[in-house]
Amino acid sequence: MANNLVIRALKANSKSFNLSSKKMTDVPTSVARLTNISTLHLNNNYLTTLPAELQTLHNLTELNLGNNSLEEIPSVLRYLNSLKKLYLFGNHITRLPPEVLEGLDNLTLLNLNHNHITVLPPEIKSLSNLETLSLLHNQLEELPVEIGFLKKLVDMNLTNNKLPRLPKQIYSLSHLARLYLARNNLTQLPEGIIMLMKLRVLDVAGNRLSMFPVDFQLLTLDELLCEGNTFVKSKLTESVQAVEVLSLKELSARLILVEDKGRFGMVHKALSSHPGLSLLLADWGRCSLCLQPFLTTWLECVRFINLRKDMKMRSSQTIPVRVLLCSYKCFNKSGHSYYAVASL
């Protein structure tokens, strides 16, 4: 029957070919004759592989292999470099072959929902035109730093995985508008998330977050889903410590950071000759009260943000946002609304 459909499609010079829900275990090699098709539907079958002959489909831009029995991405896909949309949901895939990813640099959409993937290889960076990446309901335990190379990414769905953290390179996704991270094992979001200037929807429900990162309220979100986390509560306590003794390393670092603030002068020139010192000072912070730089967080606090009042959202929920102070001296000043975090 499939061969008859191929003959019919050849005669009609069809641009789309549909073999979905045919109870097939194999794709007939005659499909390779359809060199003009741009869309091929093979979903809802029992496929475990694809024939090598399909590499002739150079005009194929959309391929649907959803709901089959694939245990790995077929190697023939590496030759289909015109592909823009690839659907692989509902299979038994455990890994992404690097050599296949390297041949799919024109992909704009990759759907791998409901598989068994535990890790993304560094070669994910080859998908430089990707706009939508969906890995809902897999077993991801880590995201590679190379995720930051996907500069055109707009939607990323990592719901129902096992991620304990996100790499800071996620800041590079400057076009990211929707990020779904519900039901993972996240205990924190990366500091500096406010660099995602186009982010409008963030779903972190059902994780283990205790607070949101510094300056989180500066994001221009339309929707924030965060129920089911273990956020810190507002409870007033008095500080039993008035001052602290800073180490020589910390005192020196703060002095250098102050002197280097303007990015000119002798200190700045000297730092360029000492890359090791520059690297050490790279993770400096700024006190939310006195605005002075520091190398080490000496007191971690939270500020409670009302989503409607402070972020112009529909929800009236209040969330804790992390605040960094340089010293107990600043914390003990009157007039601020920061709560110290004794333990997490």
Side-chain angles (χ1 to χ4, degrees), residues 164-168 170-171 179 181 186-197 199 202-205 207-221 224-247 249-251 253-258 260-261 280-313 315-344:
R165 68 186 67 84
L166 299 176
K168 64 180 182 181
I170 199 172
Y171 308 154
L179 178 57
L181 298 164
L186 297 172
T187 57
Q188 61 182 11
L189 296 177
E191 295 294 339
I193 197 172
I194 59 169
M195 294 176 66
L196 299 178
M197 302 293 290
L199 192 64
L202 177 62
D203 185 355
V204 292
N207 279 281
R208 299 188 298 168
L209 300 177
S210 58
M211 65 183 74
F212 287 94
V214 172
D215 291 333
F216 180 81
Q217 70 276 11
L218 299 181
L219 283 172
T220 52
L221 294 177
L224 173 65
L225 302 171
C226 59
E227 64 275 8
N229 283 280
T230 53
F231 293 126
V232 297
K233 306 296 182 183
S234 57
K235 183 179 180 181
L236 285 173
T237 57
E238 293 185 2
S239 171
V240 296
Q241 188 169 346
V243 295
E244 60 276 285
V245 178
L246 301 181
S247 67
K249 174 183 174 181
E250 180 66 22
L251 288 169
R254 294 188 182 192
L255 178 62
I256 294 172
L257 288 168
V258 169
D260 189 46
K261 188 184 302 183
L280 176 67
L281 297 173
D283 292 327
W284 65 280
R286 188 183 300 279
C287 180
S288 293
L289 278 177
C290 71
L291 304 182
Q292 292 300 305
F294 57 84
L295 184 60
T296 305
T297 302
W298 285 94
L299 188 62
E300 186 173 40
C301 298
V302 292
R303 174 187 176 189
F304 289 91
I305 298 295
N306 182 276
L307 297 184
R308 181 177 295 174
K309 177 183 177 182
D310 299 303
M311 298 183 70
K312 312 304 179 186
M313 297 171 64
S315 171
S316 59
Q317 183 177 358
T318 298
I319 61 170
V321 173
R322 190 172 184 235
V323 175
L324 306 180
L325 300 184
C326 68
S327 63
Y328 280 98
K329 179 180 178 182
C330 277
F331 176 68
N332 288 326
K333 289 181 180 178
S334 61
H336 67 74
S337 57
Y338 301 146
Y339 291 77
V341 179
S343 60
L344 295 179

Using 30° and 60° as the class limits, which term best fits the ring planes of Y339 and F304: parallel, tilted or perpendicular? perpendicular
Of all the heavy-atom pairs spanning [X] and [Y], show the shortest one and how long it is.
| X | Y | result |
| --- | --- | --- |
| C287 | C326 | SG-N, 3.4 Å |
| P190 | P167 | CG-O, 4.1 Å |
| L325 | C301 | CD1-SG, 3.6 Å |

Has the side chain of [X] got a donor or acceptor atom that lies under 3.5 Å from a matching backbone atom of [Y]?
| X | Y | answer |
| --- | --- | --- |
| R286 | L291 | yes |
| N306 | S316 | yes |
| N207 | N229 | no |

To the nearest 0.5 Å, what is the distance between [atom1] on [X] and [atom2] on [Y]?
| X | Y | atom1 | atom2 | value |
| --- | --- | --- | --- | --- |
| L324 | E300 | CG | CD | 7.0 Å |
| L209 | T187 | CG | OG1 | 7.5 Å |
| L181 | L225 | CG | CG | 11.0 Å |
| L196 | L179 | CG | CG | 7.5 Å |
| L199 | T220 | CG | OG1 | 8.0 Å |
| S288 | H336 | OG | NE2 | 10.5 Å |

Tell me, do [X] and [Y] make a side-chain contact under 4.5 Å, heavy atoms counted?
| X | Y | value |
| --- | --- | --- |
| Q317 | C226 | yes |
| Q217 | D215 | yes |
| S327 | L299 | no |
| F216 | M311 | yes |
| I193 | L166 | no |
| V302 | F231 | no |
| D310 | V321 | no |
| L219 | F212 | no |

Within a reach of under 6.0 Å around NZ of K309, are more than 12 heavy atoms found that belong to other residues, nucleotides or ligands? no
